[in-house]
Amino acid sequence: MLKLEHINFPAKDPVGLATWYCDTFNFSRDEHRAIGDDALIVFVPGEPLGKRTDAHFGFRVDSNTTLKKWAGHFDKEISQRGRFNAIQVFDPEGNCFELYCSPDA
């Protein structure tokens with residue numbers, strides 16, 4: 001079995017971007033790392049990927065109610081993407097992430 005638990009993303013300001021993720025998602029921060037219960041996002045010095053929706057990472061949420069709360073927080077409309085309901089959001093450096101759940105969750 002394989003389980004993805006961390007991802008490295010380039011950032012102009014790795015510490016600042018890690019701080020944004022921690023403030024937004026209530027993660028803890030260790031320098032340039034944002035640490036969640038089941039996820040680790042490491043920001044490394046580099047040029048952000050830019051506003052590309054094809055290069056993104058996703059946070060699965062537990063229900064459509066939770067997804068609606070996040071959609072309101074980010075002022076986004078929920079759309080159906082394949083077999084999931086989702087919103088896509090760009091962080092302050094233009095990296096795309098998705099919040100999603102099953103339509104029947």
Side-chain angles (χ1 to χ4, degrees):
M1 178 178 116
L2 295 175
K3 182 178 177 184
L4 179 64
E5 292 187 335
H6 82 271
I7 189 164
N8 289 22
F9 257 74
K12 290 181 182 177
D13 178 7
V15 173
L17 198 53
T19 300
W20 183 85
Y21 276 86
C22 292
D23 291 348
T24 302
F25 295 108
N26 199 31
F27 289 174
S28 59
R29 185 177 65 79
D30 178 17
E31 296 180 14
H32 59 281
R33 294 176 282 276
I35 305 162
D37 289 339
D38 293 320
L40 170 65
I41 308 170
V42 179
F43 295 100
V44 296
E47 197 59 34
L49 298 177
K51 293 196 174 216
R52 297 175 46 184
T53 58
D54 62 333
H56 68 272
F57 57 94
F59 296 109
R60 188 173 195 149
V61 298
D62 61 349
S63 69
N64 281 287
T65 300
T66 301
L67 184 60
K68 286 177 188 173
K69 287 178 185 175
W70 282 113
H73 175 81
F74 288 113
D75 194 27
K76 296 286 183 178
E77 294 291 322
I78 296 172
S79 61
Q80 185 148 12
R81 297 187 174 278
R83 37 179 243 224
F84 297 103
N85 290 340
I87 61 171
Q88 287 190 325
V89 180
F90 292 100
D91 69 24
E93 290 204 15
N95 298 305
C96 184
F97 64 89
E98 191 168 70
L99 296 155
Y100 68 96
C101 70
S102 165
D104 59 350

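The shortest heavy-atom contact between Leu17 and Pro92 is CD1-CD, 3.7 Å. Summarising the geometry of Ala11 relative to Phe43, their closest heavy-atom pair is CB-CB, 4.1 Å, with the distance given to 0.1 Å. Of all heavy-atom pairs spanning Leu67 and Asn85, the tightest one is CD2-O, 3.5 Å. Across Ala34 and Ala18, no two heavy atoms sit closer than the pair CB-O, 4.1 Å.
In this structure Asp23 satisfies the side chain to side chain contact (heavy atoms under 4.5 Å, CB included) test together with Thr19, sequence neighbours excluded. Contacts of Ser102 classified as side chain to side chain donor-acceptor pair (under 3.5 Å), with partners at least two apart in sequence or in another chain: Asp104. Remark: Glu77 engages no residue in a salt bridge (Lys or Arg N to Asp or Glu O under 4.0 Å) (not counting sequence neighbours). Under the rule for a side chain to side chain contact (heavy atoms under 4.5 Å, CB included), Ala39 has no partner lying at least two apart in sequence or in another chain. Under the rule for a side chain to side chain contact (heavy atoms under 4.5 Å, CB included), the partners of Pro45 that lie at least two apart in sequence or sit in another chain are Pro14. In this view, Thr24 and Trp20, Trp70, His73, Phe74 satisfy the side chain to side chain contact (heavy atoms under 4.5 Å, CB included) rule, not counting sequence neighbours.
Tracing side-chain contacts under 4.5 Å through hydrophobic residues (I, L, V, M, F, W, Y), one reaches Ile7 starting from Phe25; they form part of the same cluster. Hydrophobic clustering (ILVMFWY, side-chain heavy atoms < 4.5 Å, transitive): Phe9 and Phe97 are in one cluster. In the hydrophobic cluster analysis, where Ile, Leu, Val, Met, Phe, Trp and Tyr join through side-chain heavy atoms closer than 4.5 angstrom, Ile87 is grouped together with Ile41. Criterion: ILVMFWY side-chain heavy atoms under 4.5 Å apart, direct or through other members. Under it, Val89 and Phe59 are part of a common hydrophobic cluster. One hydrophobic cluster, built from ILVMFWY side chains closer than 4.5 Å, holds both Val61 and Tyr21.
For residues 87-97, there are no salt bridge (charged side-chain N to carboxylate O under 4.0 Å, His left out) pairs, not counting sequence neighbours. For residues 57-71, no residue pair satisfies the salt bridge (charged side-chain N to carboxylate O under 4.0 Å, His left out) rule, not counting sequence neighbours. Listed by first then second residue, pairs satisfying salt bridge (charged side-chain N to carboxylate O under 4.0 Å, His left out) with a partner in residues 30-44 read Asp30-Arg33, not counting sequence neighbours. Applying the side chain to side chain donor-acceptor pair (under 3.5 Å) test to every pair with at least one member in residues 6-16, sequence neighbours left out, gives no pairs at all.
Other members of the cluster containing Leu40 are Ile35, Val42, Val44, with ILVMFWY side chains joined at under 4.5 Å, either directly or via other members.
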